[in-house]
Amino acid sequence: WASKAGEPLVRTGGSVATTLFDVFVQMGCDPICLVGQDLAYTGGESHVKGAHLYTSFSDVAIFREVPSFHRDGAVKTSVNLMVYKRWLERAARESGRTCYNATEGGAFLDGFEHVTLKEFIRRYSHVDVQPHRHRFRELAST
């Protein structure tokens, strides 16, 4: 329906994070920084302790290993998280944006510069995001 009406389409990629990544691209955001997207079962856990969907896995042998954030080891991931990982890597390449991954402890993402959140904030704290807020409000009101 949206396509027929000439409305902008959002590539969802199957998750909230991938959907938001495409929304940020469409809003013209540059750079884009991922925070909290570990795309792995770090420490055998699905989410941070206390989260609604938290699950602990005692046997993560069925999962695949991928390079870790610092590329100094590996983290365990699943088939569905691999799909999101590949989607984000492809979308980052195609976007032409500067993309950062500030999720220490998670999976390494090709096409992203890996920095701490503190470093990302240091680099970009001077950037005026007001034009993007305005664009977001325009998109939200339509």
Asks: Within the structure provided, determine whether I121 and K118 are in side-chain contact (heavy-atom separation under 4.5 Å).
Replies: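 No, too far: nothing below the 4.5 Å cut-off.
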Asks: Given side chains that start at C-beta, do those of Q37 and N101 come closer than 4.5 Å, heavy atoms only?
Replies: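 Contact flag for Q37/N101 side chains = no.
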Asks: Looking at S95, is its backbone amide N or carbonyl O close enough to the side chain of R97 to form a donor-acceptor pair, meaning the two atoms are under 3.5 Å apart?
Replies: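 The answer is yes, because a donor-acceptor pair under 3.5 Å joins these two groups.
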Asks: Below 4.5 Å, heavy atoms only, C-beta onward: do H70 and E104 meet side chain to side chain?
Replies: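 When only atoms from C-beta onward are counted, E104 and H70 do touch, with a gap below 4.5 Å.
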Asks: Would you say that F108 contacts V75 through its side chain, given a criterion of any heavy-atom pair below 4.5 Å between the two side chains?
Replies: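 SC-SC contact between F108 and V75 ruled out.
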Asks: Counting C-beta onward and ignoring hydrogens, is there a side-chain heavy-atom pair between L39 and L109 closer than 4.5 Å?
Replies: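 SC-SC contact between L39 and L109 confirmed.
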Asks: State, without any angle test, whether D72 and S68 hold a side-chain donor-acceptor pair at a distance under 3.5 Å.
Replies: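 Yes - a donor-acceptor pair under 3.5 Å links their side chains.
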Asks: Quick check: do T18 and W87 have side-chain heavy atoms less than 4.5 Å from each other?
Replies: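 Answer yes - side chains close enough.
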Asks: Indicate yes or no for a side-chain donor-acceptor contact from T103 to the backbone of G36 under 3.5 Å, with no hydrogens or angles considered.
Replies: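 It does hold such a pair.
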Asks: Would you call the rings of F112 and H114 parallel, tilted or perpendicular if under 30° counts as parallel and over 60° as perpendicular?
Replies: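 Taking H114 first and then F112, their aromatic rings stand perpendicular (interplane angle over 60°).
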Asks: How many angstroms lie between atom CD of E94 and atom CZ of R11, to the nearest 0.5 angstrom?
Replies: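 Reported to 0.5 Å precision, the distance equals 5.5 Å.
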Asks: Closer than 3.5 angstrom, by distance alone: can the side chain of Y84 be matched with the main-chain N or O of G14 as a donor-acceptor pair?
Replies: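 Checked: pair present.
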Asks: Which value, rounded to the nearest 0.5 Å, describes the distance between C33 atom SG and R123 atom CZ?
Replies: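 C33 atom SG to R123 atom CZ measures 10.0 Å (nearest 0.5 Å).
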Asks: Any salt bridge between R86 and E89, counting N to O under 4.0 Å?
Replies: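 No salt bridge links R86 with E89.
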Asks: Are R71 and D110 ion-paired here, with the side-chain N under 4.0 Å from a carboxylate O?
Replies: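 Salt bridge: yes.
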Asks: Within the 4.5 Å heavy-atom criterion, are F69 and D38 side-chain neighbours or not?
Replies: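 Side chain of F69 against side chain of D38, heavy atoms only: no contact under 4.5 Å found.
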